[in-house]
Structure formats: structure tokens, C-alpha cells
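What follows is a set of notes on a single structure, which appears directly below.
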Amino acid sequence: MAFFTSAITTLQVLITALGAGLGVWGVINLLEGYGNDNPGANARVS
């Protein structure tokens, strides 16, 4: 039974770390999206 307890604890840590990583990645993607609001940066000179 100790093996299953250890395995469950390990899986919980892995899933929590994966969720935290995805959350950080999502926040960074959101912040990068707001970086394109400057119309002057999109001036296309031809």
C-alpha cells in the first residue's frame, strides 16, 4: 500500500507542476498579445 501512496503523491506533484507551467505559459502569451497595440509599430512603409 505504501507504493500506491508514493505513486499517487508523485503523480499529484507532476500534475501540479504541469498545470503551473501551462498557467505561466498562458499568462505570458496573453501579455505578449497586448504588446501589439501600438499603431506606430505597425506602420508599413512601401
Side-chain cluster (under 4.5 Å, hydrophobic types only) that L11 belongs to, other residues: none
Co-members of F4 in a cluster of I, L, V, M, F, W and Y side chains, linked at under 4.5 Å: F3
By the rule that ILVMFWY residues connect when side-chain heavy atoms come within less than 4.5 angstrom, directly or transitively, which residues belong alongside L22? L18, W25
Suppose we screen for side chain to side chain contact (heavy atoms under 4.5 Å, CB included). Which residues come up paired with T10, at least two apart in sequence or across chains? S6, L14
For I28, all residues meeting side chain to side chain contact (heavy atoms under 4.5 Å, CB included), sequence neighbours excluded: V24, E32
